[in-house]
Amino acid sequence: MSTVAAASYDAKGVEEPRAEKKPLKPCCACPETKKARDACIIEKGEENCGHLIEAHKECLRALGFKI
């Protein structure tokens, strides 16, 4: 008798994704606010984009990042 454990498969024979999730990284969190913040900084300079910078920080804080 084999001691190798079988992987779980759905009805189509495709392996089911694992329930394990990798922790979210700050660089990948809040893509909408990050994109707007970065575009503003490039176009207008950091000193003119404080409201978008703060909005991005608030989004990150809401996800549990300590900034």
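Excluded from the calculations below are hydrogen atoms, water molecules and symmetry mates; all remaining heavy atoms, backbone and side chain alike, are included. None of these values were measured; they are calculated from a predicted model.
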List the steps and the verdict of side chain to side chain contact (heavy atoms under 4.5 Å, CB included) for Ile53 and Ile41.
CA-CA 9 Å; Ile53 293 169; Ile41 291 172; 4.2 Å; yes
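With sequence neighbours left out, Glu58 forms a side chain to side chain donor-acceptor pair (under 3.5 Å) with Arg61.
The OG1 atom of Thr33 sits 6.5 Å away from the CG atom of Leu60 when rounded to the nearest 0.5 Å. Between Cys30 atom SG and Leu24 atom CG the span is 8.0 Å, to the nearest 0.5 Å. Between Lys57 atom NZ and Leu52 atom CG the span is 12.5 Å, to the nearest 0.5 Å. Between atom CZ of residue Arg37 and atom CD of residue Glu32 there is a gap of 13.0 Å, rounded to the nearest 0.5 Å.
Within the 3.5 Å criterion, the main-chain N or O of Ala29 finds no donor-acceptor partner in the side chain of Lys34.
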